[in-house]
Number of protein chains: 2
Amino acid sequence: MAITTHLKSLQALELAVREGSLKGAAERLGITPAAVGQRIRALENYLSTDLLLRGRSGLQPTKELDAAIADLRVAFEALDRATELLDFQRVSEIHIVADPDWAELWLAPRLPEFREQHPNLRFCINGAGDVPVRLGSPDLRIDCDSRNAEILFHDILVPITGPDNTRRIAEGDPDHDMEGMPLLHLRAQLDGDDHPGWVSWFNTYGHRESGQDRGVNYPNARLALDAVRQNVGFLVCGLSLILQDLKQGSVVNPFPFSKHLPATQPYALTLRHDAKNRPAIARFVNWLRNKARETQAEIDTLK
Amino acid sequence: MAITTHLKSLQALELAVREGSLKGAAERLGITPAAVGQRIRALENYLSTDLLLRGRSGLQPTKELDAAIADLRVAFEALDRATELLDFQRVSEIHIVADPDWAELWLAPRLPEFREQHPNLRFCINGAGDVPVRLGSPDLRIDCDSRNAEILFHDILVPITGPDNTRRIAEGDPDHDMEGMPLLHLRAQLDGDDHPGWVSWFNTYGHRESGQDRGVNYPNARLALDAVRQNVGFLVCGLSLILQDLKQGSVVNPFPFSKHLPATQPYALTLRHDAKNRPAIARFVNWLRNKARETQAEIDTLK
DNA sequence: CATTTGATAAAGTTTATCTTTATTCAGATA
DNA sequence: TATCTGAATAAAGATAAACTTTATCAAATG
């Protein structure tokens, strides 16, 4: 028994008969009337038979089609039921809690790619997103603090500055040039040892004796990065968060990447206990792992 | 109600479940297993759900799919029935009687293009072809003799010779060069006035006083043309029959096409009384008219 | 343990499908 | 009758889907 071909043609045909016009079918299919005509004609050509008598006002199936139209209707009704059951419309929600800087600067720029392929998924990231927060623990947690979590990648911390300094750096000694510009700090860098900043960097690589913690403080990396892009000063920042900026040249590295500090902890992923059973989440995590692997590779290449 | 999308994915899915393997489904669909996997995966991605648990030996629908598989089976069984009814396999026969030279030299080279788009059609042309002759009148008749027939195109008759003469013609006087080479005749050209040949040509354009009907006789144009291609001599031939040869340079025209004779009658088409009701024939005739129009245009351009 | 078989991933190519634009045509409207 | 309108169509070019190929992987089999 041969397998049915021209499925889309048959679908268009059945719909055109049901609607009484190519135009009507086109609207339901979300394509142009010309496309519907082409689909049907393709089938007619294949069969070397006319199937539809096209009048200006209304269509009429030929007797060849008449014989089959009942089966076509049965078929597409059954398919529509199956579609319903398979829950084409289902919206699955993924709730994520993550390091805010990472969420804003690493995840957010990469997410649209994934969402394009998974239009049925809704995200809630750190309380914001497509859907409101849900009570209880999130499906995923990504940060640098959790123990026993699956490691995504090990970041490194590097000094960066704005694009206007590119020329100056090329000509002279970056140490010298830095003298005139403020150091930018993240609040977290000054609060504890978990987030190494300028203090650690100068302690390791020298270049400046005093005033290592002077300068401007920013509450989060996004704001600090905005300032860097506008040439406000120099910042020590996770390389993973600025890969795109470096490629575009909207920020630059005044020192070779070999002068970096390792992050104290890797970014790591914790899954909610029952999340593994949800295919949507499994698929998202899978994507996340791949993207993390890419990032790790880029970091390792540069450092 | 939304319209079912991913028809091919659903088809592959249903078939894979029925066959118990991607490979089996692939064979029935006439594509590679990789393609089947891709179809199914596309749907799974779209739904963000797993549908098929792939084991090395045997597949198993997930519970999501289980709910829908019955409807899918119903749908594709109905489609297969519809397919049957629409007679995907139907073989329609077209019986043609035509001027033998035209059939061999004009129709035969053009027909494959049409047949490629209409694999269900079988031809019987002048008793030969895919199917044996049928009693009674043919569906189509194409010749230059019938009256009250639909004109396809008006041919012109031109002298031609083989490619080896190209150089000699370029250098000198074709009249002179013709002296050493035999004139080729078709039997029909010598028999009556319907098929002008060298006699008419020399009477019109001069160049030779005697021996206009001497030379070699051929029973049909194909054989004569074979001889021309091998530089046996000079022939007066319908331009429509050698357009491709001229383009390829396998025959050449020693005289400008302005020195042509008009064919006494155009090629014309007669349809059997009931042929108009057969869509396959209507479509073939339509194609024939288009091709004839093309030929007419080429002739008019050259002459 | 080596081999076979079926599924998968990645990449590149081919083919199908769709849109756009312009044209045609039957019937409605003036 | 003329002309207008709305739907279908034709042609061409652009886009996107689908397929094949090649290589890899993992389970099952000998």
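Quantities reported herein were computed from a predicted structural model and do not represent experimental measurements.
- Rounded to whole angstrom, the span from the NZ atom of A:Lys8 across to the P atom of D:dA17 amounts to 8 Å.
- Between the side chains of A:Ser240 and A:Thr295, no donor N or O sits under 3.5 Å from an acceptor N or O.
- Between B:Phe284 and B:Phe114, the ring planes are perpendicular. Angles over 60° get that label, and only those under 30° would be called parallel.
- Counting only heavy atoms from C-beta on, B:Leu22 has its side chain closest to C:dT8 among C:dT8, C:dC18, D:dC19.
- One can place CD of A:Glu27 at 9 Å from P of D:dA7, the figure rounded to the nearest angstrom.
- Put simply, CG on B:Asn290 is 13 Å from C1' on D:dA11, counting in whole angstrom units.
- Defined by atom type and a distance below 3.5 Å, a donor-acceptor pair is present between the side-chain atoms of A:Asn290 and A:Arg293.
- The structure places CG of B:Leu15 at 10.0 Å from CZ of B:Arg73, a figure rounded to the nearest 0.5 Å.
- Judged by closest nucleotide on DNA chain D, B:Ala42 is the one of B:Ala42 and B:Ala34 placed further toward the 5' end.
- Computed from coordinates, the B:Asn45 CG to C:dT8 P distance equals 12 Å when rounded to whole Å.
- Rounded to whole angstrom, the span from the CD atom of B:Gln38 across to the C1' atom of D:dA17 amounts to 10 Å.
- A straight line from CZ of A:Arg41 to P of C:dC18 spans 16 Å, rounded to a whole angstrom.
- Distances shorter than 4.0 Å separate some side-chain N or O of B:Arg54 from OP1 or OP2 on C:dT8.
- In this structure, B:Arg39 does not reach the D:dA17 phosphate: none of its side-chain N or O atoms is under 4.0 Å from OP1 or OP2.
- We find that CG of A:Leu59 is positioned 18 Å from P of D:dG6, with the value rounded to whole Å.
- Atom-to-atom, CG of B:Leu10 to P of D:dA18 comes out at 11 Å; the value is rounded to the nearest Å.
- Taking side-chain N and O atoms only, A:Thr32 has a distance below 4.0 Å to OP1 or OP2 of C:dT19.
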